[in-house]
S.K.: 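This is the structure I have questions about; it appears just below.
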Amino acid sequence: MLKIRLGVAPAQGSGPAEFAGLAERLEAAGVDSLWLSELVYSPEVDPMIGMAHALARTSKLKVGTGVAILPGRHPVLVAKQLLTLAGLAPKRVLPVFGLRPARTAEHDLFPVPEGRRAAVFDESLVLLRRLLDEDDVSFEGEFFQVSGATLGPRPAKPLDVWLGGTAPAALARVGRLADGWLGSFHTPSESLAARLAIQRAASEAGREIEEDHFGLSLVVADKGLPDALTSMAARRRPGVPVTDLIATSWPEARRLVEQHIEAGLSKFVIRPGHGDFEEFLEKFQSELVPLQNQNSSWPRFPQSAT
């Protein structure tokens, strides 16, 4: 049986003024988690700084990146940030990384050798995982060389590292190198296929992804579909009806979440499609939070690829 958990993300375009006090508001409302996207050319808070702020002002709320970009950052510095956060807020840090920014204009902000972004990502993940799991790390790779790296205390429970991604290579990377997957702009049947592909890649690598480590980010646009959101969906998933990817009402959001649960997903990030976050939070609590009290046994779809 899977534990269903639902978190939220701030409204798109909200900045530091709107973010201040948000973490306390969510914790008081009993929300499981807060998720912060990496959107540099926008008013939104930097995910690592936002995580530190939110974790410092709460005691139970979990906070994650959904998603942050790893290639173009040095894994040692990323590991130091994560270990520091995990030491200050044990069991509440949820890192999710991706290959490249969603916005083309931001690609140059995360420089890697031409044509080698995927290779850098793989090596970064291997080194990052070692830095999070070992006290003393030496590493000789194509892109990174580290000798005797010691970053300080590690949490009693090792940090899980999740990845995003939709392409076959991205799903295979999750199976080979990560602890979980947070997808976006997927239909329920595609979520099923992604889960099975990840489990298959993990099995081939002699690994296993925990059954409750599959999730989805879902936008609820109950006040109409903004042009920018429609364009993003069309760019990410050409030919797929936008209403299969984005919920246009709260009943539709519940239906989609339930279908993704049947596909074997259990963790969800619900994102508002408009700026009225208080109304969004009220609807989120009444329409979707009750799903957390239900257990999933995947009644219709296969449990694994093996």
S.K.: Pick out which of L70, V174, L99, L182 makes a side-chain contact (heavy atoms from CB on, under 4.5 Å) with L163.
M.R.: V174

S.K.: Should R173 and D122 count as an ion pair when the cut-off is N to O under 4.0 Å?
M.R.: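 Here R173 pairs with D122 in a salt bridge, since their nearest N and O are under 4.0 Å apart.
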
S.K.: Give me each pair satisfying salt bridge (charged side-chain N to carboxylate O under 4.0 Å, His left out) with a member in residues 88-97, each pair once, sequence neighbours excluded.
M.R.: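 Listed by first then second residue: nothing to list.
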
S.K.: Kindly indicate whether the side chain of R271, heavy atoms from C-beta on, has any atom under 4.5 Å from the side chain of S37.
M.R.: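 Yes; the side chains approach each other to less than 4.5 Å.
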
S.K.: So, R57 and E27, do they make that salt bridge, N to O below 4.0 Å?
M.R.: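 Not counted as a salt bridge, because no side-chain N and carboxylate O are separated by less than 4.0 Å.
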
S.K.: Taking side chain as C-beta onward, heavy atoms only, is I49 less than 4.5 Å from H53?
M.R.: no

S.K.: Salt bridge (charged side-chain N to carboxylate O under 4.0 Å, His left out): which pairs involve residues 81-90, sequence neighbours left out?
M.R.: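 Found none.
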
S.K.: What residues, two or more places apart in sequence or in another chain, satisfy side chain to side chain contact (heavy atoms under 4.5 Å, CB included) together with A54?
M.R.: F19, A23, L34, V63

S.K.: Evaluate the side-chain proximity of L55 to L85: yes if any heavy-atom separation is below 4.5 Å, no if none is.
M.R.: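 Yes - at least one pair of side-chain heavy atoms lies under 4.5 Å apart.
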
S.K.: Treating K3 as the side-chain partner and K267 as the backbone partner, does any N or O pair qualify as donor plus acceptor under 3.5 Å?
M.R.: no

S.K.: Can you confirm whether V76 sits close enough to L131 that some side-chain heavy atom of one is under 4.5 Å from a side-chain heavy atom of the other?
M.R.: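 With C-beta onward as the side chain, the pair touches.
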
S.K.: Check this for me, if you would: do K283 and E279 make a salt bridge, where the nitrogen-to-carboxylate-oxygen distance has to be below 4.0 angstrom?
M.R.: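 No, no charged N to carboxylate O under 4.0 Å.
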
S.K.: I'd like to know if the side chain of H274 and the backbone of A221 have a donor-acceptor N/O pair within less than 3.5 Å.
M.R.: no

S.K.: Taking R130 for its side chain and S138 for its backbone only, find out whether a donor-acceptor pair lies under 3.5 Å.
M.R.: yes

S.K.: So, R236 and S184: side-chain donor and acceptor under 3.5 Å apart, yes or no?
M.R.: yes

S.K.: Is a donor on one side and an acceptor on the other found under 3.5 Å between the side chain of R176 and the backbone of A201?
M.R.: no

S.K.: Does any part of the side chain of V137, heavy atoms only, come nearer than 4.5 Å to the side chain of L127, both counted from C-beta?
M.R.: yes

S.K.: By ring-ring contact (aromatic ring centres under 6.0 Å, His included), which residues pair with F284, not counting sequence neighbours?
M.R.: none

S.K.: Among residues two or more places apart or on two chains, list those pairs meeting salt bridge (charged side-chain N to carboxylate O under 4.0 Å, His left out) that have a residue in residues 32-41.
M.R.: D32-K62, E38-R73

S.K.: Kindly indicate whether the side chain of E44, heavy atoms from C-beta on, has any atom under 4.5 Å from the side chain of Q12.
M.R.: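 When only atoms from C-beta onward are counted, Q12 and E44 do touch, with a gap below 4.5 Å.
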
S.K.: Can you pull the ring-ring contact (aromatic ring centres under 6.0 Å, His included) pairs that have at least one residue in residues 129-170, sequence neighbours excluded?
M.R.: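 Only H74-F144, W162-H213 qualify under ring-ring contact (aromatic ring centres under 6.0 Å, His included).
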
S.K.: When you compare the side chain of L151 with that of L132, does any pair of heavy atoms fall below 4.5 Å?
M.R.: no

S.K.: Does E258 form a salt bridge (charged side-chain N to carboxylate O under 4.0 Å, His left out) with R254? I'd like the steps, not just the answer.
M.R.: CA-CA 6 Å; E258 288 175 334; R254 184 178 180 109; 3.2 Å; yes

S.K.: Report the relative orientation of the aromatic rings in W250 and F280; use parallel for angles under 30°, tilted for 30 to 60°, perpendicular for over 60°.
M.R.: tilted

S.K.: Has T150 got a side-chain atom pairing as donor or acceptor with D135's backbone, closer than 3.5 angstrom?
M.R.: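 No, the answer is negative, given that no donor and acceptor are paired below the 3.5 Å cut-off.
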
